[in-house]
2 protein chains.
Amino acid sequence: MAISDRKLREKEDLKKRILEAAKVLFLEKGFEATSMRNIAERVEFSPTTLYLYYKDKNDIVYALHQEGFKLLAQQFRIISNVEHPYERLKTMGRIYLQFAEENPDFYELMFVRQGPILHVQKHNRDDWEEGSRTYNVLYETVIECQNEGYFKDLLPHNVSLIVWSTLHGMCTLHMHMRLDCVKFEDDYEVDPEKSRPEYIYETFMAFLERLK
Amino acid sequence: MAISDRKLREKEDLKKRILEAAKVLFLEKGFEATSMRNIAERVEFSPTTLYLYYKDKNDIVYALHQEGFKLLAQQFRIISNVEHPYERLKTMGRIYLQFAEENPDFYELMFVRQGPILHVQKHNRDDWEEGSRTYNVLYETVIECQNEGYFKDLLPHNVSLIVWSTLHGMCTLHMHMRLDCVKFEDDYEVDPEKSRPEYIYETFMAFLERLK
DNA sequence: CAAATATACTTAACACTGTTAATAAATCAA
DNA sequence: TTGATTTATTAACAGTGTTAAGTATATTTG
């Protein structure tokens, strides 16, 4: 059965090549701008061939969305080195911001676009595996923070969701250019190395600091 | 010149009717799903006629985006009744959340979609009038809060942006169905009247409360 | 070995999309 | 009434996601 094995391997290979081509094009021109025909051209197959490997365009988008979560999970792996839970929480936030800054297209796919979510809903399971696993990293950290006396008398889910919301809000307002109208340069010296969200994040962390 | 006046009035009228038709369709099926031909059919004109009144589709989207801001500004008018600045800040947040909940399509247009922003950029002025005016309502309130002793030693812009980011993050994570995987019903009794963001908002306000 | 079947892929087509160029009809000014 | 201007239309372009039908090639079966 070595032959059919090779066949299967080649099939899997093409599936990956399609995804890779899609990724390159998505990152290059955004998804709105990349069509099935574009992807097909890049892998040098006819457009309809893609449908033999992916159900539809959303199926490709969803595969990319999953890659994004793997990437983020990889970045998060660093935090296990941070002993103190509160410091760990702060580090997580910084990593999250950095990820959004460096991979805006992935971020959009993972947390904004409805395409991937529609795919999840269509394929019956209502739990969004990648999402909830990532969320749990935050949730566990918050609980550990509470064990150390932080965020007293607050529900851990609420605290987690506030932290996530703030980070997500900062990232998306920035990405979607809704902060451009707020010129707060006159407030203080601007360090060109730091992004707008990073500035706000510092203040946010100062906020949390006072709660101890 | 009464005749040419009437002509001008009729022209303006059709322009408004197009916008109205677009609004109805957008709210009914979302923008992705409504085409120029759909709008044209509804006003009973040929598709190309729309281009005599609006430069392109983004032009229509932008007009709607502006309507959204008028609507929000209208809701915000209530807050002038609230004496105490911190109470006013809290009220603003609640109004913002409510607006997003009741007008998700407008919200998307105003704070997420890039269509309207592209329109602003194309037409040269880099200041986003509606946006910065709305932001300033928040900013002024934060400054007044600081005059009363709140948010000590923090830059008013940073505080404003954190509040906005948190609200925006809550709204969009909810709207884009990214909170569905977080089942936190077991934490406490769920009041079906209150939305997820409202719950989190209460905790967020409790956060701020502790800073005084 | 030859016929039947299954696999992998392509061509052609459908029903859309936003948008533009060319054209016709209506209204206005001379 | 003629000519110019405004207003609306038809036809078309280049593109989209997606499906049905057809075509080679390779594999299995009689």
Side-chain angles (χ1 to χ4, degrees), chain A residues 1-19 21-22 25-26 28-65 109 113-116 118-119 122-123, chain B residues 1-19 21-22 25-26 28-65 109 113-116 118-119 122-123:
Chain A
M1 287 295 117
I3 292 174
S4 62
D5 272 14
R6 195 209 61 205
K7 286 270 164 188
L8 207 88
R9 223 167 45 232
E10 281 176 358
K11 214 164 140 60
E12 280 302 308
D13 186 56
L14 181 48
K15 185 159 187 174
K16 269 179 195 158
R17 274 176 50 214
I18 291 170
L19 196 66
L25 289 175
F26 277 153
E28 212 170 71
K29 334 190 291 170
F31 5 71
E32 228 76 308
T34 67
S35 66
M36 294 297 266
R37 283 171 176 85
N38 290 159
I39 302 169
E41 198 177 20
R42 202 164 209 285
V43 289
E44 294 178 297
F45 278 88
S46 98
T48 49
T49 302
L50 307 201
Y51 289 87
L52 301 173
Y53 294 85
Y54 293 92
K55 205 189 127 288
D56 52 23
K57 199 185 180 184
N58 266 346
D59 201 4
I60 297 180
V61 161
Y62 178 71
L64 246 35
H65 152 110
L109 229 53
R113 290 272 154 178
Q114 74 168 172
L118 286 179
H119 184 97
K122 272 267 163 67
H123 294 61
Chain B
M1 287 292 121
I3 292 175
S4 62
D5 272 13
R6 195 208 62 206
K7 284 273 159 187
L8 207 90
R9 224 167 44 233
E10 279 176 1
K11 213 163 143 55
E12 280 302 306
D13 186 56
L14 181 49
K15 185 160 187 175
K16 269 178 196 158
R17 274 174 52 212
I18 292 171
L19 196 66
L25 290 175
F26 277 154
E28 211 169 73
K29 335 191 288 172
F31 4 73
E32 227 78 305
T34 68
S35 67
M36 293 299 265
R37 283 171 175 84
N38 291 158
I39 302 169
E41 197 177 20
R42 204 165 208 285
V43 291
E44 296 179 294
F45 278 87
S46 97
T48 49
T49 301
L50 307 200
Y51 289 87
L52 301 173
Y53 295 85
Y54 292 92
K55 206 189 124 287
D56 53 23
K57 199 185 181 183
N58 265 347
D59 201 2
I60 297 180
V61 161
Y62 178 70
L64 245 36
H65 153 108
L109 228 54
R113 291 272 153 176
Q114 74 170 169
L118 286 179
H119 184 99
K122 271 268 166 65
H123 294 62

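Everything numeric in this text was worked out from a predicted model, so none of it was measured. Chain letters run A, B, ... following the sequence lines, proteins first, then strands; residues in each count from 1.
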Toward the 5' end of DNA chain D, by each residue's nearest nucleotide, A:Lys55 or A:Ala33: A:Ala33

A:Glu32 bridged to A:Arg113 by N-O distance under 4.0 Å: yes

Phosphate OP1/OP2 of C:dC9: any A:Tyr53 side-chain N/O under 4.0 Å: yes

Base versus backbone protein contacts along nucleotides 21-26 of chain C [heavy-atom cut-off under 4.0 Å; B, S, -]: B-----

A:Phe31 side chain near A:Leu109 side chain, heavy-atom distance below 4.5 Å: yes

Nucleotide of C:dT17, D:dT16, C:dC9 approaching A:Phe45 most closely (side-chain heavy atoms): C:dC9

Heavy atoms from other residues, nucleotides or ligands near NZ of B:Lys29 exceed 12 (cutoff 6.0 Å): yes

Interatomic distance where CG belongs to B:Leu14 and C1' belongs to D:dT6 [whole Å]: 14 Å

Touch class at under 4.0 angstrom, heavy-atom based, for B:Tyr51 against every strand present: base

Value in whole Å for how far the C1' atom of D:dG15 lies from CZ of A:Phe31: 20 Å

Side-chain N or O of B:Ser46 closer than 4.0 Å to phosphate OP1/OP2 of D:dT9: yes

Spacing of OG belonging to B:Ser46 relative to CD belonging to B:Glu41, to within rounding of 0.5 Å: 12.0 Å

Donor-acceptor pair under 3.5 Å, A:Arg37 side chain vs D:dG15 base: no

Five-pair end axes of the helix from C:dC1-D:dG30 to C:dA30-D:dT1 and the angle they enclose, rounded to 10°: 30°

